[in-house]
Amino acid sequence: MPDKEDIKSVDPATLEMLEKAAQDGCSTAFDRAARMSPCPIGATGNCCSICGMGPCRVPLAKGKEETAEEKKKRRGVCGATAETIAARNFVRMIAAGTAAHGDHGRVMAKLFLDVAQGKAPGYQIKDEQKLLQLALDLGVTIGDRSNEEIAVDCAKLLMAEFGKQEGELLFLKRAPIKRQELWRKLGIAPRGVDIEVTEAMHRTHMGTDQDYKDLLNFGSKVSLADGWGGSMVGTEVQDIIFGTPAPVLSQINLGVLKEDEVNVIIHGHEPQLAEMMAIASRDPELIAYAKTKGAKGINLAGMCCTANEMLMRHGVPIAGNFLQQELAIVTGALEAIVVDVQCIMQGLADTANCYHTKVITTDPRAKIQGAVHMPFDEHHGLESATAIIRAAVDNYPNRRGNVRIPSQKTDMIAGFSHETINYLLGGMFRASYRPLNDNIINGRIRGVAGVVGCNNPRTTHDAADLIMVKELIKNDVLVLQTGCMAMASAKAGLMVPEAAEFAGEGLRSVCEAVGIPPVLHVGACIDNSRILIAATAMVKEGGLGDDISDLPVAGAAPEWMAEKAIAIGQYFVASGVYTVFGTTFPTLGSKEASEFLFKDMEQMYGGMWAFENDPLKAAHLMIDHIDKKRKALGIDKSRERILYDMAMRRDLEAV
Ligand code: BF8
């Protein structure tokens, strides 16, 4: 792994724009990270700031074994131990991540209701099949009712999931039966979304839950309200009203910006505005208006997870991932960066001051000092989007001349929803995961890994992702990706079928037969719920055990930074997946809390956390875990026997 001091990014476009930012006297997150070291006490979970008696700092003495007497003294004013403090902080991160995804899911459920009731013109029910499947899952009567009538009932049930006070989240029933029973036995089957977040804040309030194991087990309950709750509601509804993603060709990196067009980037997470922006940007009247300002057209691109949503459904190109948001402005060619919620740096406003870019906030929950606020109203979606694009067009003549757009843009294929994977593997008439399971059992595919999450300027931008993903596919592990890590791989050319050349012989032969890349783009971070559904489909298909924890699969977030990533990691672990994080880990200041997450959880959930900062070693931890599961399933021998002769190749192509 390159030394963080030596190299800020492995992406040439990013390096070029960092150089330009320095020339232009404009600072970025990379500079701020270099100026400010992370607080060593807070970074390891040893700082408790939840009451006015502190903040209390209880760092581990470096380099020597602690005596029992010393440990007794290492407490907060209230007597809280290092493990309680680390666990409380960790659970609060899970709660914040769950709240973010939950609030997104809630907005989508409300929009779904509005669409069904005809109150949101411009939106419609696009995926009837998915609506009907949802109705079946939720027990909503189909009969000869209209899609809208069915959708109203579904939307009301989904909205109620957020405020539900008792019982269980409805989507838990989608998990393997054995997993559901385990959650019930351990008391971690979530009742609703909001109630678990609220209880997390209560339990972690001064003087409430002070047993770190109990706290961390409760953290699992909260996280499940994200993965099998808020996030799953979000993905489900978005597919129904915006369309379920199918394979689509597009491009990625700052080179997608155009020198002679009005460039507009949409950045954030909730796609309802972006959907309307996609329509407005193609409006002949607006394009003609842009021409009156001297531009040749309007170029819409995405950033972060809104970008993933737009890419998956419309092929809208991606300008970059999390750490490239300020750099898009540094090109000098960006008329507007239009933001909704989450992962939006406040630094955008400062960067924009160096150039002509307008930062436009659109959501009442996310305003930024120095930005222009143009509220987006779903009930008049197209009008709102049109006004925003018009403002961007009006800004085109204000470009200051120091325009430099990096040349880098890479082809990529996205759109691998669960339904698409099912169809691609099984064919139109027998859509199924059987070919995937068969190829895992016969050893051509060793296992499946989800590599997800953010960028973090504390580590070389995109580097850990590329090292990890390349090592995994080289070892015949099929990789599923979401969020900013999906973008890192796409920029490096790993999301086209030709990338199969980097895969091991077995994985390569499957990719070539099916025509898919060895690294599949599954969507935005909220779409990690698709990975849960895919894992469940593998269990239900048979031959690989009867729970997610039996599968030869693993997860990772090598460059994470957001609280949402911790929530995602915890719901993967509580769903039975071995999950490795890199860069930093927020409980390392407590041996007990870390051991509970890294070891004890495996006994409880069959999945556990690991921390490994070296992405190559982390990849091998994942491969070792996959091999351990293969052995337990009795399919380790089949891997050793593979010899690919022509007959086997023909056999595979016939699948
Ligand atoms: O939700 S991967 S930096 S953009 S948090 Fe944010 Fe992290 Fe990117 Fe999407 Ni996910």
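Both ligands and their constituent atoms are indexed starting at 1 by order of listing. The analysis underlying the following values was restricted to heavy atoms, covering all of them including side chains, and did not include hydrogens, waters or symmetry mates.
Annotation: His269 places an N or O atom under 3.5 Å from an N or O atom of ligand 1; distance criterion only. The shortest N or O to N or O distance between Lys564 and ligand 1 is under 3.5 Å.
Taking every non-hydrogen atom of Ala562 and a distance limit under 4.0 Å, the qualifying atoms of ligand 1 come out as 5 (S). Of all atoms in ligand 1, listed by their number and element, those nearer than 4.0 Å to a heavy atom of Cys304 are 4 (S). Listed by number with element, the atoms of ligand 1 under 4.0 angstrom from any heavy atom of Phe322 are 3 (S).
For Glu563 (side chain) and Ala95 (main-chain N/O), no donor-acceptor pair under 3.5 Å exists by modelled atom type.
No hydrogens or angles considered: a donor-acceptor pair under 3.5 Å links the side chains of Thr482 and Asn528.
Salt bridge present: Asp239 and Arg530 bring a charged side-chain N and a carboxylate O closer than 4.0 Å. Between Arg313 and Glu309 there is a salt bridge, since a side-chain N of the basic residue sits under 4.0 Å from a carboxylate O of the acidic one. Salt-bridge annotation for Lys130 and Glu419: present, with a side-chain N of the basic residue lying under 4.0 Å from a carboxylate O of the acidic one.
Contacts between Met561 and ligand 1, counted as non-hydrogen atom pairs separated by less than 4.0 Å, involve the side chain only.
Put simply, part of Gly453 is less than 4.0 Å from ligand 1, judged by heavy atoms.
Inclusion of Cys343 in the first shell of atom 7 (Fe) of ligand 1 is not supported: no N, O or S atom falls under 2.8 Å. Among the atoms of Cys305, an N, O or S atom falls under 2.8 Å of atom 9 (Fe) of ligand 1.
Each of Met277, His104, Met312, Met276 was evaluated against Pro271; a single residue qualifies, His104, per the side-chain contact (heavy atoms from CB on, under 4.5 Å) test.
Within the model, atoms CD1 of Ile240 and CZ of Phe112 stand 4.0 Å from one another, a figure rounded to the nearest 0.5 Å.
The environment of NZ in Lys617 is sparse: at most 12 heavy-atom neighbours from other residues, nucleotides or ligands sit within 6.0 Å.
At the top of the distance list for atom 10 (Ni) of ligand 1, counting protein heavy atoms only, stands Cys525 SG, 2.2 Å. The nearest protein atom to atom 8 (Fe) of ligand 1, hydrogens excluded, is given as Cys484 SG, 2.3 Å; this is a heavy-atom distance. Looking only at protein heavy atoms, the nearest one to atom 7 (Fe) of ligand 1 is Cys454 SG, 2.5 Å.
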